[in-house]
Structure formats: C-alpha cells, structure tokens
Undergrad: 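Structure provided below as structure tokens; questions to follow.
Atoms considered below: every heavy atom in the structure, side chains included; atoms not considered: hydrogens, waters and symmetry mates. Just so we're clear, the structure is a prediction, and the values are computed from it rather than from any experiment. Lettering follows sequence order; numbering is per chain, from 1.
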Protein chains: 2
Amino acid sequence: MDIVFKAINDPTRREILRFLTHGPQNAGMIAQQFNMTKPSISHHLDLLKQAHLVDFSKNGQFMVYSLNKSGFESIHAWFQLFTLYFELPKPKIRL
Amino acid sequence: MDIVFKAINDPTRREILRFLTHGPQNAGMIAQQFNMTKPSISHHLDLLKQAHLVDFSKNGQFMVYSLNKSGFESIHAWFQLFTLYFELPKPKIRL
DNA sequence: TAAATAATTAGTCAAATATTTAAATATAAA
DNA sequence: TTTATATTTAAATATTTGACTAATTATTTA
C-alpha cells in the first residue's frame with residue numbers, strides 16, 4: 001500500500017502516468033518526454049511497476065509500458081473512506 | 001498540488017486523517033494515538049494543514065483539528081483523469 | 001502573578017530518495 | 001558474428017524527510 005503513495009508522490013512519475021493515458025509507450029518514448037537521463041526514467045518506471053500503477057510487456061528489444069488499473073484501485077479504496085466522510089448527512093438540529 | 005501528494009505519502013499522516021474521520025479532535029488527543037512525540041505530530045499536522053487536508057480552530061488552549069474537504073478534492077481531480085482512462089470504451093474490432 | 005498545561009518552533013541527525021555516470025544485458029541488423 | 005540499439009543495473013553523491021530534544025508561546029488555574 002505504502003508503495004502506491006510513494007509512487008505518486010514524485011512529479012516525474014505523475015507525469016509518466018499522465019503521458020500513458022495517451023496509450024502504451026515504450027521506455028525510450030517515455031524518456032524522450034523528460035529532461036532526464038534514461039536510467040532515471042527506468043528507475044521511476046520500476047517504482048511505478050512495483051506499485052502496480054503500470055504494467056509492461058516486451059516487444060523485441062522494446063519494453064512497452066501501459067497503465068495498470070490495479071494500482072489505481074488501491075488508491076481509490078483508500079480514498080473511499082473520506083468520500084464517505086464528506087458525503088455523510090450532517091446531523092440535523094431539531095427546531 | 002505537490003504538497004498534497006507529499007502529505008499523504010507518510011503513513012503517520014494517513015493514520016491521522018483516518019482518525020479524524022471519527023470527528024474533530026484536539027492535538028493532544030491525536031498525539032495520544034501515536035507512539036511518537038508531540039512535536040513530531042505537530043509537524044505532521046502542519047503539513048496536513050499546508051495541503052488543506054485538515055483545518056483547525058482554536059478552542060481556548062486547545063487546537064482542534066478536523067478534515068478539510070478541499071485537499072481531498074484536489075486528489076480527486078487528479079484521479080479523475082485515470083478514472084476516465086479506464087472507463088473509456090475499448091475500440092471494438094469490426095467482424 | 002506564579003505555576004501548570006497545551007501546543008508549536010528551532011536545531012540536529014540518521015535514513016530515505018532522486019539523480020547522475022559507467023557498466024552490463026538483451027535483442028536486432030549488417 | 002560483429003556492431004548498433006534499447007533498456008536496466010550498479011555505484012556514488014546531493015537533497016529531502018522524519019524523528020528527537022530543548023526552548024518558546026499562549027492559555028488557564030491556583
């Protein structure tokens with residue numbers, strides 16, 4: 001669980017996630033979007049993988065990354081508690 | 001925006017938020033829930049404040065903390081992008 | 001007003017994190 | 001099979017973070 005929050009804490013990783021909403025991309029294309037070395041991006045992708053926020057498959061020499069629903073579902077599950085809190089009807093005062 | 005993700009990255013801060021779903025509490029009561037010094041908790045509360053995840057008001061010598069909807073709304077706004085992505089109908093293959 | 005209570009601010013330090021360069025691995029193309 | 005390309009792993013470094021103790025501020029009570 002902790003790993004998901006850690007993963008989305010970094011602005012570069014959030015940008016990677018946003019970029020992947022345009023569809024699956026290989027590591028090189030992702031790295032190209034950022035002013036950062038490939039090893040750095042590789043490390044960020046690894047963390048996103050650990051958090052199950054991205055998935056990957058190998059296509060020849062290319063690693064293709066895509067969004068993975070399951071990481072997002074764990075964020076949603078956590079968030080639910082607060083959604084309920086704020087949606088809870090406030091106690092009415094009897095006039 | 002970054003500050004919200006930073007705030008929810010720490011497990012102690014997430015526990016504080018969860019504790020506050022039981023209703024507003026003063027700083028001492030919050031600190032009491034954790035195996036940690038008051039200054040540490042005070043620091044965590046400060047960060048949650050900055051992220052607009054909690055609100056506070058002074059009641060005599062007590063600081064009363066409560067959940068603040070607006071911080072949660074910014075998380076929700078970010079999350080929305082991915083909700084849309086996963087809900088998007090997948091392109092159908094014509095038979 | 002003096003002492004006690006509630007909480008924060010300041011300063012310090014160890015642990016965790018993000019980035020870089022260099023080396024290694026795997027696949028593809030010549 | 002040699003060379004080039006795509007990507008990851010490893011090692012080193014700088015920065016950020018979280019926790020503590022000590023000192024400070026604000027409020028209440030004796």
Undergrad: Expressed in angstrom and rounded to an integer, what is the separation of A/E15 atom CD from C/dT19 atom P?
TA: 13 Å
Undergrad: So, is A/K58 near the phosphate of D/dA6, with a side-chain N or O under 4.0 Å from OP1 or OP2?
TA: no
Undergrad: Under 3.5 Å, is there an N or O donor on one side and an acceptor on the other linking the side chain of A/Q61 and the base of D/dT5?
TA: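 Yes.
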Undergrad: B/S74 and B/M1: which non-hydrogen atoms are nearest, and at how many Å?
TA: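 That closest heavy-atom pairing would be O-CE, 3.4 Å.
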Undergrad: State which of D/dA19, C/dA18, D/dT8 makes the closest approach to the side chain of A/H44.
TA: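 Side chain of A/H44 sits closest to C/dA18.
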Undergrad: Identify the residue among B/V54, B/L48, B/L53 that makes a side chain to side chain contact (heavy atoms under 4.5 Å, CB included) with B/R13.
TA: B/L48
Undergrad: Please tell me which of the listed nucleotides, C/dA7, D/dT9, D/dA6, lies nearest to the side chain of A/F62?
TA: D/dA6
Undergrad: Do A/D2 and B/R14 pass the side-chain contact (heavy atoms from CB on, under 4.5 Å) test, and can you show the C-alpha distance, the side-chain angles, and the key distance before you say yes or no?
TA: CA-CA 10 Å; A/D2 284 21; B/R14 288 198 303 275; 2.8 Å; yes
Undergrad: Evaluate the ring pair (Phe, Tyr, Trp, His ring centres under 6.0 Å) criterion for residues B/F86 and A/F72: first the C-alpha distance (whole Å), next the side-chain angles of each, then the deciding distance (0.1 Å), finally the verdict.
TA: CA-CA 10 Å; B/F86 287 113; A/F72 290 94; 5.6 Å; yes
Undergrad: Any side-chain N or O of A/Y65 less than 4.0 Å from the OP1 or OP2 oxygen of D/dA6?
TA: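 It does not, given that no N or O in the side chain of A/Y65 lies less than 4.0 Å from OP1 or OP2 of D/dA6.
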Undergrad: Would you call the rings of B/W78 and B/F5 parallel, tilted or perpendicular if under 30° counts as parallel and over 60° as perpendicular?
TA: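 Aromatic pair B/W78/B/F5 classed perpendicular.
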Undergrad: If you find the nucleotide of DNA chain C closest to A/I41 and the one closest to A/G60, which residue's nucleotide is nearer the 5' end?
TA: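 Result of the comparison: A/I41.
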Undergrad: Given C/dT19, is OP1 or OP2 found less than 4.0 Å from the side-chain N or O atoms of A/S40?
TA: no
Undergrad: C/dA6, OP1 or OP2 - any side-chain N/O from B/N26 closer than 4.0 Å?
TA: no
Undergrad: For DNA chain C, which residues in residues 28-39 of chain B have a heavy atom at a distance below 4.0 Å?
TA: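 Contacts with DNA chain C under 4.0 Å: B/G28, B/K38, B/P39.
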Undergrad: Please assess A/I3 against A/L47 for the test side-chain contact (heavy atoms from CB on, under 4.5 Å), listing each intermediate value before the final yes or no.
TA: CA-CA 8 Å; A/I3 189 76; A/L47 235 149; 3.6 Å; yes
Undergrad: Looking across every strand, which nucleic acid part, if any, lies under 4.0 Å from B/D46 by heavy atom: base, sugar-phosphate, or nothing?
TA: nothing
Undergrad: For A/K49 and for A/N9, find the nucleotide of DNA chain D with the closest heavy atom, then tell me which residue's nucleotide is more 5'.
TA: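 The residue closer to the strand's 5' end, by nearest nucleotide, is A/K49.
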Undergrad: Does the pair A/M36 and A/H44 meet the rule for a side-chain contact (heavy atoms from CB on, under 4.5 Å), with working shown?
TA: CA-CA 11 Å; A/M36 203 174 286; A/H44 286 306; 4.1 Å; yes
